[in-house]
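Since the structure comes first, as structure tokens, the remarks are kept for the end.
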Amino acid sequence: MVAALNACIEASDLLFGLILHIEAIARRLLYVDIVHNTLLNMYLKCRSLRHAINLFDGLLERDLVTWNTMISGYSAFGFPESALHLFGRMLLENMQPDQATFLAILKVSLVTGSMTEGKLIHGVITEFGTETFLNVGSSLVDMYAEWGNLEDAYNIFFHLPERNIVTWTAMAAGCNQHGRGEETIQMFQQMQQEGIQPDRILFISVLQACSAVLGLNQGKVIHTNILDQGLELDNMVGSAIVEMYLKCGSFQFAQRIFAEMPRKSLVVWNIMIAGCAQHGVHSMVMDFFDDMLAENLSPDAATFVSLLSACSHTGNLEVGCWHFESMVTKYGIFPTLDHYMCMVDLLGRAGSMNDALDLLHTMPFTPCQVGWRSLLTHCRTWGEVSFARSCFDNLLLLDPDEPTCYALMSEVYANAGMWDKSLEIEEMRKAAALWKLPGEALIEVGEKVYSFTVGDKHESYYELSRKLKALGDRLRNIDHVPFAVERECSI
DNA sequence: TTAGGGTTAG
């Protein structure tokens, strides 16, 4: 019976599972713990919460596994209140929770989207003395790290009596997800010094961190480690390697690894298509898209974001509109806000400002900052001063504390020679005490990544200034006309 | 019953 139920789980065959349930009743097997627990698990894995609840409520006796399975099921189905309620019932019935109970309960805070619940659950876990268990501790690290509360995550991480690859990965991935890629790479190095062998899951996080900090050389070292462990043929590791090379600027390496991948998932095709768009090889976007279709893969929402973006950058309005329409008619994918934003950008970049505005107003989403800012950016290109002012006013209504729109509007006025208006906008920005964060450039030399922003004084300042001036002269020689007021750059 | 992982522009 148990083997047959596990086969149902494997095949997601709910109908066969229901027949086995009837058979279990007829043969009076439902009183056996392992039978009713496997049945419960089968219903949850076959995505039938209703059947699982009926079975659970009808049982005369429930052991710890029964409670844990049901709590875990409620969390997995996105019913955190029911999971917590069941946990309370379990305590009232004097059932002592174990590690598995807390692992299931910890998922609740991720489902509810609230750190407060997570902290309360952490308190309960501490009271039961299971905080320092390896799996519970790792889950706590993961929970805090996912919430971006890296300090609490570190605190638990360092106080655990032991840490394994899962604990390290939870901490390293958390740093990576919250913009601390350098720390992820440092953790990876430290972990190896402590004699822990990285695995495929950790490699994926560390490769993403290399992509984020543009650490091509570091990425190459990781790639070598992956080859040493023979993990390069793993589908998800391969995708992460391709992505790392693309984001770190090495298109040829990415192309080679991609070509060598034995099985290519839709995700890695999407990564490659987006990479072509990022690298400006727009003709290859369409080539890769056609190749993907030839492999009998159907595009998804992410594919179309890359396609529409590529059409926007090549100014290919007609092809972009065709893809936008074919999303629904040919592939049954309904455009999300992201797709509408790509279309607003596409229309605006092509100079069809009224069509872009119409789309912004008629789309089934409330116009957001992204759309208005995109339009405002293109008004700058096309010198649409009054149109720009309308976009600017809409942006102020949505968020008056966002500094970028002031800079754009001021620039539009300056380009039109309306200096008084330009200064007026600058005054508005100053009165609101808003300052745009300067852009940051990352350059890798050896295994170190250097960050540059306006106003920095690097040790090679004079040498770099001479180089910049020479580049500026070359740009002027090819008739490049910079926007608005040219400001002196200093590094 | 039982901890960690992938893509998308503006």
Side-chain angles (χ1 to χ4, degrees), chain A residues 33-34 37-38 40-41 44-45 62-73 75-76 97-107 130 133-143 145-146 160 163-174 176-177 198-208 211 234-244 246-247 265-275 277-278 299-313 336-346 348-349 368-378 404:
Chain A
D33 290 352
I34 195 165
N37 286 335
T38 316
L40 191 62
N41 194 25
L44 292 168
K45 295 279 163 61
R62 305 176 190 100
D63 66 359
L64 188 56
V65 176
T66 325
W67 287 98
N68 290 347
T69 309
M70 199 61 224
I71 290 170
S72 175
S75 276
D98 69 352
Q99 294 174 54
T101 320
F102 290 120
L103 293 175
I105 282 292
L106 274 171
K107 295 253 189 289
T130 48
F133 285 24
L134 186 57
N135 49 5
V136 177
S138 300
S139 279
L140 279 168
V141 169
D142 181 53
M143 180 189 78
E146 279 213 23
L160 280 174
R163 294 178 278 272
N164 66 4
I165 180 77
V166 179
T167 334
W168 279 94
T169 308
M171 195 62 239
N176 184 39
Q177 278 160 24
D199 68 0
R200 51 190 291 281
I201 300 178
L202 182 65
F203 277 131
I204 291 164
S205 279
V206 183
L207 283 167
Q208 284 172 347
S211 305
D234 179 283
N235 201 292
M236 283 172 76
V237 173
S239 305
I241 298 171
V242 170
E243 191 195 8
M244 180 275 294
L246 284 169
K247 292 205 169 152
S265 66
L266 177 61
V267 171
V268 78
W269 279 100
N270 286 347
I271 289 170
M272 205 61 216
I273 289 170
Q278 281 157 19
D300 67 357
T303 322
F304 279 101
V305 170
S306 298
L307 283 180
L308 296 175
S309 158
C311 291
S312 176
H313 286 283
T336 63
L337 181 62
D338 290 344
H339 299 104
Y340 280 102
M341 290 305 95
C342 286
M343 286 307 290
V344 167
D345 183 57
L346 173 70
R349 203 183 294 262
C368 57
Q369 285 186 63
V370 174
W372 290 117
R373 198 162 42 238
S374 169
L375 270 187
L376 180 52
T377 307
H378 297 308
T404 333

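Reminder, nothing fancy here: chain letters follow the sequence lines and each chain counts from 1.
For A/Asp300 and B/dT7, the CG to P distance is 12 Å, given to the nearest whole Å. Put simply, CG on A/Leu160 is 16 Å from P on B/dA3, counting in whole angstrom units. To the nearest angstrom, C1' of B/dT1 lies 12 Å from CD of A/Gln99. Distance A/Leu64 CG to B/dT1 C1': 8 Å, rounded to the nearest Å. Look at CG on A/Leu40: it is 11 Å from P on B/dT2, rounded to the nearest Å. The interatomic distance linking A/Asn135 (CG) with B/dT2 (P) rounds to 11 Å, in whole Å. Per the geometry, CD1 belonging to A/Ile201 stands 8 Å off P belonging to B/dG5, to the nearest Å. If you take CH2 of A/Trp67 and C1' of B/dT2, they are 18 Å apart, rounded to a whole angstrom.
The side chain of A/Ser239 approaches B/dG6 more closely than any other nucleotide in the set B/dT2, B/dA9, B/dG6. When the nucleotides B/dT7, B/dT2, B/dG4 are ranked by their closest atom to the side chain of A/Ile271, B/dT7 comes out on top. Listed candidates were B/dA3, B/dG10, B/dG5. Nearest to the side chain of A/Asn164 is B/dA3. Out of B/dG5, B/dG4, B/dG10, the shortest distance to the side chain of A/Ala170 is found at B/dG4. Looking at the side chain of A/Ser139, the nearest of the listed nucleotides B/dA3, B/dT1, B/dG4 is B/dA3. Set against B/dT7, B/dT1, B/dG10, the side chain of A/Asn41 has B/dT1 as its closest nucleotide. In the set B/dG10, B/dG6, B/dG4, B/dG4 carries the atom at the smallest distance from any side-chain atom of A/Asp142. Considering only the side chain of A/Ser309, B/dG10 comes nearest among B/dG5, B/dG10, B/dT2. Nearest to the side chain of A/Ile204, among B/dG10, B/dA9, B/dG6, sits B/dG6. Closest to the side chain of A/Ala100, from the set B/dT1, B/dA3, B/dG10, is B/dT1.
At a threshold of 4.0 angstrom between heavy atoms, the contacts of A/Arg349 are confined to the sugar-phosphate backbone, with no base atom among them. Here A/Leu266 lies out of heavy-atom contact (under 4.0 Å) with every strand. Residue contacts shown for A/Ala240 are absent, as no nucleic acid heavy atom lies under 4.0 Å away. Among the protein residues, A/Leu134 comes within range of the nucleic acid bases, having at least one heavy atom under 4.0 Å from a base atom. Contact annotation for A/Gln369: no contact, since no heavy-atom pair falls under 4.0 Å across all strands.
Applying the 4.0 Å criterion to OP1 and OP2 of B/dA9, one finds that A/Gln278 has a side-chain N or O inside that range. Taking only side-chain nitrogens and oxygens, A/Lys247 comes nearer than 4.0 Å to OP1 or OP2 of B/dT8. Of the side-chain N and O atoms in A/Arg163, none sit less than 4.0 angstrom from OP1 or OP2 of B/dG4. The phosphate of B/dG4 has OP1 or OP2 within less than 4.0 Å of a side-chain N or O from A/Lys107.
Side-chain atoms of A/Asn37 come within 3.5 Å of backbone N or O of A/Asp33 as a donor-acceptor pair. At least one donor-acceptor pair closer than 3.5 Å links the side chain of A/Thr167 to the backbone N or O of A/Asn164.
Remark: the A/Thr169 side chain and the B/dG4 base include a donor-acceptor N/O pair separated by less than 3.5 Å. For B/dG6, the base has a donor-acceptor partner in the side chain of A/Ser265 [N/O atoms by modelled type, under 3.5 angstrom]. In the interface, the side chain of A/Asp338 is paired with the base of B/dA9 through a donor and an acceptor atom under 3.5 Å apart. Within 3.5 Å, a donor on the side chain of A/Asp199 pairs with an acceptor on the base of B/dG4, or the reverse.
Not counting sequence neighbours, A/Arg163 has no partner by the salt bridge (Lys or Arg N to Asp or Glu O under 4.0 Å) test.
Side-chain contact check for A/Thr101 and A/Asp98: at least one donor-acceptor pair (N or O, by modelled atom type) lies under 3.5 Å.
Interatomic distance, CG of A/Leu160 versus CG of A/Leu134, reported as 7.0 Å (0.5 Å rounding).
Taking the side chain as every heavy atom from C-beta outward, A/Thr377 and A/Arg349 never approach each other to under 4.5 Å. The shortest distance between side-chain heavy atoms of A/Glu243 and A/Leu207 does not fall below 4.5 Å.
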